[in-house]
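Everything on this sheet refers to the single structure shown next.
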Amino acid sequence: MLFDKMSEECGVFGYHSATPDASIASLIFYGLFALQHRGQESCGIAVNRDRKLILSKKMGLVAHSFNAAELSGLNGRMGIGHVRYSTAGDSEIANAQPLCAEIGKSYTDFIALGHNGNLTNAAELKDELKNSGSTFHSTTDSEVILTLIARARENDLIGDLKSSLARLKGAFSLVILTSDCLIGVRDPYGVRPLVLGKQGQDWVLASETCALDIIKAEFVRELSPGEILIIDKNGLKSEFLPPVNVKKQCVFELIYFSRPDSYHFGTNVHIARERMGAALARQDNGLQADYVIAIPDSGVAASLGYGQESGITYERGFTRNHYIGRSFIHPFQDQREMVVKVKLNPVYPIVNKHDLVVIDDSLVRGTTCRQIVKILRDFGCGKVHLRFASPPIRHSCVYGIDTPHREKLLAANMDLEGIREFVGADSVKYLSLENLKSCLAQPDDFCYACFDGKYF
């Protein structure tokens, strides 16, 4: 997936040390660095030092936002971090997370919260809270969660969390920091991932296992759907939200969003994508071409699977310049098109006079894909067979992925022949929904709403 397609969601990270005044800030920094692909707009770290909250939030990338001196001032027993791409709310510092509130309850003086997901009833809850006197300082739906917890009247941590979170609809994986504990929460459908790790006697929460790997923490398990995991000086304790008895894990975590080295929903992401590519090759049933190439980087694993299954040689058809910013941050189309040209350059001997199977994970708007086909034509390629390792995206996501409205989704407005003509390829095919499900160990546990429009 490249440039004009879906935007990432968010990444969360939490660390609880067995040592009262530990050097946890650098560990949170590296955890967020590993999750940077999930959001590039803003980042933040909140720590609990001697039961006092210390917070630092910045716009931009993790590596550009925190230096050694600042990190040394962010140490304590426990802390949380967040990287953000907005799916609800504007791109501004007020919406950067963690979000914090001084609440002065019997069990804590403050709440800090990092959220990955999207609430489908946020507007309704926000209006209700405003009418009862609450003031909001951001436009993100995550502040609704924070406000509900702050206003809860059960007067104990578990009661306040359960009564507040039970009112939420949609997707939410949370890391929460209080005066005495670190908390991880996963919504009852399990839409967004959240994993538990251990480093010696310390505990780690993260959106992906790659964030555990970077700090050499051991993967323990995924949080269960609906689980509220409390980590304090006494160890771990789990409570649960009312069950819904069905899972709706986001299939796009495996198709595109997560890093290939991460494990989600019991499987390695890279291996899952290879399976999708192999299934796509079987679906193609004997297509003739000289090479299989990927639109980097998200099409690479599927291209490897396609090449192995089809017997067509996989080659590196593009060289990618990793020092160019993401084109979706450029507001004008001509700027985005120039970024495509600068960021992707064909490898001439592979492209020139050769018929190509060109694979990406998915197609959303199609404008970048059309330009990529034109670049290949300019380099003298033969036929271009575009293949996508997921079904057509015909519906917008409401659970934390920033997809366009339906009128901008190519597959929602054109048939296959129309798409082929629009992008300028010789043929276009998608992985069928049935064949996608065949690549998953528990296909009934996933959400496919962006493909079939079946929201929950």
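Only heavy atoms go into these numbers, but all of them, side chains included; no hydrogens, no water, no symmetry mates. Computed from a predicted structure; not experimentally measured.
Across V269 and H264, no two heavy atoms sit closer than the pair CG2-CD2, 4.2 Å. Nearest approach of A112 to A46, heavy atoms of both residues: CB-CB, 4.2 Å. Closest of all the heavy-atom pairs between V423 and G366 is CG1-O, 4.0 Å.
Separating the CG atom in L182 from the CD1 atom in I230 is a distance of 10.5 Å, to the nearest 0.5 Å. Distance check, rounded to the nearest 0.5 Å: OG of S303 to CD1 of I295 gives 8.5 Å. Annotation: the span from H115 atom NE2 to S142 atom OG amounts to 5.0 Å, rounded to 0.5 Å. Rounding to the nearest 0.5 angstrom, the gap separating the CZ atom in R84 from the SG atom in C10 is 6.0 Å. To the nearest 0.5 angstrom, L146 atom CG is 9.5 Å from Q97 atom CD. The CD atom of Q283 sits 13.0 Å away from atom CE of M276, with the distance rounded to the nearest 0.5 Å.
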Residues 212-220 side chain polar contacts: donor-acceptor under 3.5 Å, at least two apart:
none

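For the ring pair (Phe, Tyr, Trp, His ring centres under 6.0 Å) with F446, the qualifying choice from F265, Y399, F252, F451 is F265, the only one to do so. Here the rule is side chain to side chain donor-acceptor pair (under 3.5 Å) with N95, and of D141, T140, T139 only T139 fits it.
Side-chain N or O atoms of R275 include none that pairs as donor or acceptor with a backbone N or O of L440 at under 3.5 Å. For the pair S163 (side chain) and G159 (backbone), a donor-acceptor distance under 3.5 Å is present. Checking side-chain atoms of S17 against main-chain N and O of M78 turns up no donor-acceptor pair under 3.5 Å. Checked by atom type and distance alone, the side chain of R273 pairs as donor or acceptor with a backbone atom of L254 at under 3.5 Å. A donor-acceptor contact shorter than 3.5 Å links the side chain of T403 to the backbone of C397. Between the side chain of Q40 and the backbone N or O of L61 there is no donor-acceptor pair closer than 3.5 Å. Side-chain N or O atoms of S207 include one that pairs as donor or acceptor with a backbone N or O of V12 at under 3.5 Å. S432 places a side-chain N or O within 3.5 Å of a backbone atom of N435 that can act as its donor or acceptor partner. A distance-only check finds no donor-acceptor pair linking the side chain of H82 to the backbone of F13 [under 3.5 Å]. For the pair N48 (side chain) and S179 (backbone), a donor-acceptor distance under 3.5 Å is present.
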_For R151 and S132: C-alpha separation, side-chain torsions, deciding distance, then whether side chain to side chain donor-acceptor pair (under 3.5 Å) applies._
CA-CA 10 Å; R151 288 175 59 94; S132 62; 3.0 Å; yes
*Take I228 and L165 through the test side chain to side chain contact (heavy atoms under 4.5 Å, CB included) and record every step on the way to the result.*
CA-CA 10 Å; I228 303 171; L165 300 177; 4.3 Å; yes
*Any chance you could lay out the side chain to side chain contact (heavy atoms under 4.5 Å, CB included) test for T135 and H137, step after step, and finish with the verdict?*
CA-CA 7 Å; T135 300; H137 304 284; 4.1 Å; yes
*Hey, mind stepping through R77 and D21 against salt bridge (Lys or Arg N to Asp or Glu O under 4.0 Å) and telling me if it holds?*
CA-CA 5 Å; R77 178 185 285 273; D21 189 18; over 6 Å; no
*Would K130 and F136 satisfy side chain to side chain contact (heavy atoms under 4.5 Å, CB included), going step by step from the backbone distance to the final call?*
CA-CA 8 Å; K130 281 183 174 180; F136 287 83; 3.9 Å; yes
*Are I419 and Y430 close enough, and set up right, to give a side chain to side chain contact (heavy atoms under 4.5 Å, CB included), and what steps lead you there?*
CA-CA 11 Å; I419 293 170; Y430 293 84; 3.5 Å; yes
*Take E41 and K58, measure what salt bridge (Lys or Arg N to Asp or Glu O under 4.0 Å) needs, and give me the verdict at the end.*
CA-CA 9 Å; E41 286 187 358; K58 306 288 180 68; over 6 Å; no
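At a threshold of 4.0 Å, the pair R320-D297 counts as salt-bridged, since one of the basic side-chain nitrogens sits closer than that to a carboxylate oxygen. For the pair E124 and K126, the salt-bridge criterion is not met [side-chain N within less than 4.0 Å of a carboxylate O]. Ion pairing between R259 and E253 fails under the 4.0 Å rule for side-chain N and carboxylate O. Here R192 does not pair with D187 in a salt bridge; the nearest charged N to carboxylate O distance is not below 4.0 Å. The residues K105 and E154 are annotated as not salt-bridged, no charged nitrogen and carboxylate oxygen being separated by less than 4.0 angstrom. Ion pairing of K162 with E239 is present here, as a side-chain N (NZ or NE/NH1/NH2) and a carboxylate O approach within less than 4.0 Å. For the pair E227 and R186, the salt-bridge criterion is not met [side-chain N within less than 4.0 Å of a carboxylate O].
Counting only N and O atoms by type, the side chains of E70 and S56 include a donor and acceptor under 3.5 Å apart. Side-chain contact check for H405 and S396: no donor-acceptor pair (N or O, by modelled atom type) lies under 3.5 Å. Side chain to side chain, D156 and Y107 fail the donor-acceptor criterion of an N or O pair below 3.5 Å. At a cut-off of 3.5 Å, with distance as the only test, a side-chain donor of E208 or H37 sits close to an acceptor on the other residue.
The shortest side-chain heavy-atom distance between L177 and P98 does not fall under the 4.5 Å cut-off. In this structure, the side chains of C369 and D360 stay at 4.5 Å or more apart for every pair of heavy atoms. Counting heavy atoms from C-beta on, the side chains of L161 and I183 come closer than 4.5 Å. At least one side-chain heavy atom of P443 sits under 4.5 Å from a side-chain heavy atom of Y448. I149 places a side-chain heavy atom less than 4.5 Å from the side chain of S164. At a threshold of 4.5 Å between non-hydrogen side-chain atoms, the residues L205 and L229 count as touching. With contacts defined as side-chain heavy-atom distances shorter than 4.5 Å, the pair L27/Q199 qualifies. Looking at heavy atoms from C-beta onward, L113 lies out of side-chain contact with V175 at the 4.5 angstrom threshold.
For NZ of K437, the number of neighbouring non-hydrogen atoms (other residues, nucleotides, ligands) closer than 6.0 Å is greater than 12. In E407, the CD atom is crowded: over 12 heavy atoms of neighbouring residues, nucleotides or ligands sit closer than 6.0 Å. At most 12 non-hydrogen atoms from other residues, nucleotides or ligands lie less than 6.0 angstrom from OH of Y30. In this structure, K198 places its NZ atom where more than 12 heavy-atom neighbours from other residues, nucleotides or ligands lie under 6.0 Å away. Heavy atoms of other residues, nucleotides or ligands lying less than 6.0 angstrom from CG of D50 number 12 at most.
Taking the six-membered ring for Trp and thresholds of 30 and 60 degrees, H395 and Y455 have ring planes more than 60 degrees apart, a perpendicular arrangement.
Residues in residues 172-194 take part in these ring pair (Phe, Tyr, Trp, His ring centres under 6.0 Å) pairs, two or more places apart or across chains: Y189-F456.
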